[in-house]
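Encoded as structure tokens, the structure appears first; notes follow it.
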Amino acid sequence: MGTHNINFSEQFEFTGKVKTLSIVGIVIGIAAVLFGFLAGDKVMHERTFANLLLMGYYFACVCMSGTFFLAVQYVAQAGWSASILRVPQAMAKTLPIAAVILFVIISAGLYTHNLYHHWHADGLTVEGSPNYDAIIAGKAVFLNVPFFLGRQVLFLGVYSIFSIMFVKFSYNEDLAGGLNSYRKSFKNACIFLVIYGFTTPVFAFDTIMSLEAHWFSTMFGWYNFAAMWVSALATIAIIIILLRRAGYMQWVNNSHLHNLGQFIFGFSIFWTYVWFAQFLLIYYANMPEETVYFYKRFEYYKFWFFLNLAMNFLAPVLLLMDRDNKRTDAKLLFVAIVVLLGHWVDYYQMIMPGAVEDGHNGFGIVEIGTAVGFVGLFTFTVLSALSKKPLIAKNHPLLQESLHHQL
């Protein structure tokens, strides 16, 4: 497509069926959560909070990784992606909303003792108490409510600030041109990547691993990083493909899709590597304090355990190994959707065993409804953000390289 045919003022219009369906999804989600709280017992309340944590964490992680995508492109001074940056920018712009929602879920779960009850319960750290737990007492300096919530505010707040900055610099670049905004983006991206690299493992330790506070794995943070990163890549691919089908972003060609497909393929293998390395070390050592993690998942969540591997390893590797599949929007769209659903399964079997009593796991209205609600919320917030500015960063210094990108 010649650059003289490109409308550099093209904007997405968030109206019609997509907007209506996103609102309907939000309503379904609210109804499912109310059903879980009003129609159930203590176990159902735990399941509802677990699903809220699952989707709140997923929502925040995908938006965080949208910011990470922007930072990587700036630091690498990548040219291929210059014409598609508005999509991850919309995800980054949504992060403050996702961060507030996640913080509210975590705080409510702590307050009601429906989340993190393995370390947040009366008497666990009081010597002489019938509920005293020496392991939890030993971790109390780190796992206490004020410090725990303080870390959540710090991490999510810092990520949100950088997200807003990257979006602001790009919009300023549209208005003023030149290299000043791009240089600011580059410098701040360098700082962000260092902060992000050191803090995302701790963020995962806090939010997910501490649900089972007796167990720990030093690989768990990178396992979570791989999951959130590949999920964001799949989300970016889905949004771009659907926008193209709706008549927008016609400057995106098969080579851009190829790059996204390569990233999804490569980081699905990386996710599997970290997952298997963690599993193999625990399996081979066969230490009870470590094997309990996988015992629970194999005993009560066996179907989800194997489905996780099939969707997050076998599907992307087998379907994206072929070059043509990465360049075909229908096939890439299918794989990206499978990967997104697969990492819902991944988070489901990470969270449920530690949040819900053994043997009381279930799958039904609450799980489906909460997921639908957050998909609707994500669609509404991200597409609303996307519709505010033109779909192309017209003054990006590497834009011409992206518009003529060929592999």
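We're numbering straight along the sequence, starting at 1.
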Item to check | Verdict with supporting geometry, Phe270 and Trp229, ring-ring contact (aromatic ring centres under 6.0 Å, His included) | outcome: CA-CA 10 Å; Phe270 175 70; Trp229 176 226; over 10 Å; no
Next on the checklist: Under the criterion side-chain hydrogen bond (donor to acceptor under 3.5 Å, both in side chains), I'd like the reasoning laid out for His258 against Asn253: C-alpha separation, chi angles, the key distance, then a yes or no.
Outcome noted: CA-CA 9 Å; His258 191 150; Asn253 60 42; over 6 Å; no
Checklist entry - Step by step, would you call Leu403 with Ile392 a side chain to side chain contact (heavy atoms under 4.5 Å, CB included)? => result CA-CA 10 Å; Leu403 295 177; Ile392 193 166; 4.0 Å; yes
Item to check | side-chain hydrogen bond (donor to acceptor under 3.5 Å, both in side chains) between Ser83 and Ser402, worked out | outcome: CA-CA 6 Å; Ser83 64; Ser402 182; 2.7 Å; yes
Next on the checklist: Would Tyr301 and Asn308 count as a side-chain hydrogen bond (donor to acceptor under 3.5 Å, both in side chains) here? Give the steps.
Outcome noted: CA-CA 11 Å; Tyr301 298 84; Asn308 184 28; over 6 Å; no
Item to check | Candidate pair Tyr58 and Trp344, rule ring-ring contact (aromatic ring centres under 6.0 Å, His included), full reasoning | outcome: CA-CA 8 Å; Tyr58 203 171; Trp344 181 92; 8.7 Å; no
Checklist entry - Can you check side chain to side chain contact (heavy atoms under 4.5 Å, CB included) on Leu260 and Trp80, steps first, answer last? => result CA-CA 10 Å; Leu260 288 169; Trp80 74 272; 4.1 Å; yes
Next on the checklist: Under the criterion side chain to side chain contact (heavy atoms under 4.5 Å, CB included), I'd like the reasoning laid out for Leu102 against Phe59: C-alpha separation, chi angles, the key distance, then a yes or no.
Outcome noted: CA-CA 8 Å; Leu102 178 60; Phe59 183 18; over 6 Å; no
Checklist entry - Could you walk me through whether Phe142 and Phe148 pass the ring-ring contact (aromatic ring centres under 6.0 Å, His included) check? => result CA-CA 7 Å; Phe142 188 80; Phe148 179 85; 8.4 Å; no
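Looking at Ile105, Ile106, Val202 one by one, the single match for side-chain contact (heavy atoms from CB on, under 4.5 Å) with Thr207 turns out to be Ile106.
Closest non-hydrogen pair, Leu399 versus Ala393, comes out as CD2-O, 3.6 Å. For the pair Ser160 and Ala99, the tightest heavy-atom approach, listed with the atom from each and the gap, is OG-CB, 3.9 Å. Listed here is the closest heavy atom pair of Met44 and Gly36: CG-O, 3.2 Å. Nearest heavy-atom pair, Phe162 versus Asn188, reported as atom, atom and distance to 0.1 Å: CE2-O, 3.5 Å.
At most 12 heavy atoms of other shown residues, nucleotides or ligands fall within 6.0 angstrom of atom NZ in Lys168. Other residues, nucleotides and ligands place no more than 12 heavy atoms under 6.0 Å from the OH atom of Tyr283. In this structure, Tyr171 places its OH atom where more than 12 heavy-atom neighbours from other residues, nucleotides or ligands lie under 6.0 Å away. Counting heavy-atom neighbours within 6.0 Å of Glu299 CD, excluding the residue itself, gives a total above 12. Enclosure of atom CD1 in Ile365 is not indicated, since only 12 or fewer non-hydrogen atoms of other residues, nucleotides or ligands lie within 6.0 angstrom.
Taking the six-membered ring wherever Trp is involved, the centroid distance between the rings of Phe306 and Phe298 falls below 6.0 Å. Two rings, from His343 and Trp271, have their centers less than 6.0 Å apart. For Phe205 and Phe216, the gap between ring centers reaches or exceeds 6.0 Å. For Phe313 and Trp275, the gap between ring centers reaches or exceeds 6.0 Å. You'll find the ring centres of Phe68 and Phe225 inside the 6.0 Å limit.
For the pair Arg151 and Phe147, the cation-pi test (distance below 6.0 Å, angle within 45°) is passed. Both the sub-6.0 Å distance and the 45° axial angle are not jointly satisfied by Arg244 relative to the ring of Tyr248. In this structure, Lys326 forms a cation-pi arrangement with Phe265, its terminal cationic atom sitting closer than 6.0 Å to the ring centre and no more than 45° off the ring axis.
Phe12 is listed as a side-chain neighbour of Leu383, based on a closest heavy-atom distance under 4.5 Å. Side-chain contact between Leu115 and Glu46 is absent, with no heavy-atom pair separated by less than 4.5 Å. With contacts defined as side-chain heavy-atom distances shorter than 4.5 Å, the pair Val382/Phe378 qualifies. Using a 4.5 Å cut-off on side-chain heavy atoms (C-beta onward), Leu340 and Ser231 make contact. For the pair Asp133 and His214, the minimum side-chain heavy-atom distance is below 4.5 Å. In this structure, the side chains of Met228 and Val62 stay at 4.5 Å or more apart for every pair of heavy atoms. Using a 4.5 Å heavy-atom threshold, the side chains of Met64 and Leu95 count as touching. Annotation: side chain of Lys389 is not in contact with side chain of Val167 (no heavy-atom distance under 4.5 Å).
Rounded to the nearest 0.5 angstrom, Leu149 CG and Asp206 CG are separated by 9.5 Å. In this structure, CD1 on Ile161 lies 9.5 Å from CD1 on Ile195, to the nearest 0.5 angstrom. Here the OG atom belonging to Ser384 is positioned 9.5 Å from the NZ atom belonging to Lys93, to the nearest 0.5 angstrom. Leu175 CG to Ser181 OG: the interatomic distance, rounded to the nearest 0.5 Å, is 8.5 Å. Separating the CD atom in Gln250 from the CG atom in Leu243 is a distance of 10.0 Å, to the nearest 0.5 Å. Atoms OH and CG, from Tyr116 and Leu211 in turn, are 5.0 Å apart once rounded to the nearest 0.5 Å.
Under the 4.0 Å criterion applied to side-chain N and carboxylate O atoms, Arg297 and Glu212 are assigned as salt-bridge partners.
The closest side-chain donor-acceptor pair between Tyr159 and Thr200, if any, does not fall under 3.5 angstrom. Between the side chains of Ser170 and Arg86, a donor-acceptor pair is found at a separation under 3.5 Å. Counting only N and O atoms by type, the side chains of Asp174 and His396 include no donor and acceptor under 3.5 Å apart. No side-chain donor from either of Ser81 and His405 sits under 3.5 Å from a side-chain acceptor of the other. In this structure, a donor-acceptor pair under 3.5 Å is present between the side chains of Ser163 and Thr67. When only modelled atom types and interatomic distance are considered, Asn51 and Glu367 share a side-chain donor-acceptor pair under 3.5 Å. If you check the side chains of Asn172 and Tyr182, you find no donor sitting under 3.5 Å from an acceptor. Using modelled atom types and a 3.5 Å distance limit, the side chains of Asn259 and His256 yield no donor-acceptor pair.
The aromatic rings of Phe192 and Phe166 sit perpendicular, their planes meeting at an angle over 60°, well past the 30° parallel limit. Using the six-membered ring where Trp is involved, Tyr57 and Tyr347 have ring planes that are perpendicular, over 60° apart on the 30 and 60° scheme. By the 30° and 60° cut-offs, the orientation of the rings of Phe363 relative to Trp304 is tilted.
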